[in-house]
Protein chains: 2
Amino acid sequence: MARATIHNRQDSLERALQLFWQKGFHATSLKDLEKALDMRPGSIYATFGSKDGLFQESMERYARLGLAEFERTLHAYPSPLAGLAAYLRGLGGLRDRELPSRACMLVKSLLELGEREQAAWRKAADLLAGMEERFIDRFDAAQQIGELDSRLDPVRLGRRLQAEVMGLRAFAQRDVDSATVHALAEDMALSLEALRKDGVTDKR
Amino acid sequence: MARATIHNRQDSLERALQLFWQKGFHATSLKDLEKALDMRPGSIYATFGSKDGLFQESMERYARLGLAEFERTLHAYPSPLAGLAAYLRGLGGLRDRELPSRACMLVKSLLELGEREQAAWRKAADLLAGMEERFIDRFDAAQQIGELDSRLDPVRLGRRLQAEVMGLRAFAQRDVDSATVHALAEDMALSLEALRKDGVTDKR
DNA sequence: GCTGTACTTGAGTGATTGTTCAATATAGAG
DNA sequence: CTCTATATTGAACAATCACTCAAGTACAGC
């Protein structure tokens, strides 16, 4: 009935994500995107509407994949606190993998964007709020199985953890050794594990 | 002997700093700067060389003023640990003051800039390294007066604190209540104070 | 009041920005 | 094959980008 598409949407989105994650919104030009996606402007606009739209879809993909990896880590540990600590230790390896950036793309966007890109800024803020909810949910679970002192506030702990992750990843964006990042992540993980109520057996 | 300058250099720099801190490097155009400094392009280039140069000088000013405020807080407390905790609590008020941004300008730059702005990126990284040194120095001092367990590593503690500050300020860039930021800063301050060796009297 | 010097101006530079759209190409249906 | 529907192209667009420089301006010293 019509001409078939030669570009896979998810594939194009992944390439755009890599570019945006590395260079940020403003420093990524449409020329860059044309090259990375191997598409001409018309095709890009027909598929994604605008640079801003493509950027927002990239952030959504980033958050979806990041959350999936987070959940995968959690599932490997029956204990919520142990899962969160393992997630932190995993971030210690940020300098070992080859990534577009060590920093979180959502945080980069939150700091880079302003009023002029309000919609994209909102999206970044909302996606981060979703991640915060997941953190809080895990502290809640830890409390329900008696792993965490009932006097502690899961909401505050969740926000604290998000701030720690933001800080760890921003710090890793500096030109520091992999060992330094590993040590920092380890210290954060230890602090988190110190929350474990005395007498609770580690069931890893 | 010649025509007098009508613009104060420090004053112009302060205005540029406010703009860059709020909007970031890429989103700040020369038009914006012309308006904020009330200077025409020729004057700006005669005085600061380039947009990149002006940006780097702005970062230097930012770091100098920020460090001065940090030292002022420290001087109000005879105990190093108490001083650092007070600094964290002060950051809890980020949402109360009217600032160009809640996030640290150096972190914003570290995350926004890339290879194309290598010199400015380096400057941001170096200035952050300088701040890290100050943190480490305070933990060192705490250790020397016996306020801090001698088995703890001041370098790791200093880096951890910098990551916490980065995280706190990035978190505060989200659309959260002032109370939420205060609570987060309080939790971080409490963790820091918990490092105080048992038996050491608080001399605040 | 004149002169020399340094500061300031602003129109203009070429390059690059995100975006549009008429033309073209290509697949499947008949 | 022809026809139709849709994917794709890429030249062209106006706007904006960082930046330059010749001309104009105003002050200090004489």
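Letters A, B, ... mirror the listed sequences (proteins, then strands); counts begin at 1. If you're wondering where the values come from, they're calculated on a predicted model, not measured in any experiment.
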Does [X] come within less than 4.0 Å of [Y], counting only side-chain N to carboxylate O?
{"X": "A:R61", "Y": "A:E57", "value": "no"}
{"X": "B:D153", "Y": "B:R151", "value": "no"}
{"X": "A:R156", "Y": "B:E186", "value": "no"}
{"X": "A:R196", "Y": "A:E147", "value": "yes"}

B:H7 side chain N/O closer than 4.0 Å to the phosphate oxygens (OP1, OP2) of C:dT8?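 The answer is yes; a side-chain N or O of B:H7 sits under 4.0 Å from OP1 or OP2.
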Would you say C:dT17 has OP1 or OP2 under 4.0 Å from some side-chain N or O of A:S29? yes
Atom [atom1] of [X] and atom [atom2] of [N]: how far apart are they, to the nearest Å?
{"X": "B:D32", "N": "D:dT16", "atom1": "CG", "atom2": "C1'", "value": "11 Å"}
{"X": "B:D38", "N": "C:dG10", "atom1": "CG", "atom2": "P", "value": "10 Å"}
{"X": "B:N8", "N": "C:dC7", "atom1": "CG", "atom2": "P", "value": "14 Å"}
{"X": "B:K35", "N": "D:dC17", "atom1": "NZ", "atom2": "P", "value": "11 Å"}
{"X": "B:L37", "N": "C:dG10", "atom1": "CG", "atom2": "C1'", "value": "16 Å"}
{"X": "B:I6", "N": "C:dA6", "atom1": "CD1", "atom2": "P", "value": "18 Å"}
{"X": "A:L30", "N": "D:dT16", "atom1": "CG", "atom2": "C1'", "value": "15 Å"}
{"X": "A:H26", "N": "C:dG18", "atom1": "NE2", "atom2": "C1'", "value": "12 Å"}

When only distance counts, do a donor and an acceptor, one from the side chain of B:R3 and one from the base of D:dA26, lie under 3.5 Å apart?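 Not at all, since no donor on one side and acceptor on the other fall under 3.5 Å apart.
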Hey, is the main chain of [Y] close enough, under 3.5 Å, to the side chain of [X] for a donor-acceptor pair?
{"X": "B:Q162", "Y": "A:F171", "answer": "no"}
{"X": "B:D187", "Y": "B:L184", "answer": "no"}
{"X": "A:E112", "Y": "A:H26", "answer": "yes"}

Can we call the ring centroids of B:Y77 and B:Y87 under 6.0 Å apart?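 For B:Y77 and B:Y87, the ring centres are not under 6.0 Å apart.
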Surrounding CD of B:Q118 (heavy atoms of other residues, nucleotides or ligands, distance under 6.0 Å), is the total greater than 12?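 Atom CD in B:Q118 is not packed in, count stays at 12 or less.
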Evaluate whether atom CD of A:E71 has more than 12 neighbouring non-hydrogen atoms of other residues, nucleotides or ligands under 6.0 angstrom away.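 Yes, enclosed.
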Of B:E34 and B:A4, the one whose closest DNA chain D nucleotide lies more 5':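 Taking each residue's closest nucleotide, the earlier one in sequence belongs to B:E34.
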Heavy-atom side-chain proximity of A:F135 to A:F70 below 4.5 angstrom: yes
Of all of residues 39-58 of chain A, which get a heavy atom below 4.0 angstrom from DNA chain D, listed by number? A:R40, A:P41, A:G42, A:S43
Output the residues of residues 113-120 of chain B in contact with DNA chain D, where contact means a heavy atom of the residue under 4.0 Å from an atom of the strand; sort by number or write none.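 Contacts with DNA chain D under 4.0 Å: none.
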With A:K51 as the cation and A:F20 as the aromatic partner, state whether NZ or CZ is under 6.0 Å from the six-membered ring centre and within 45° of the axis. no
Pairs under 3.5 angstrom, nitrogen or oxygen only, protein versus nucleotides 13-15 of chain C, please.
none

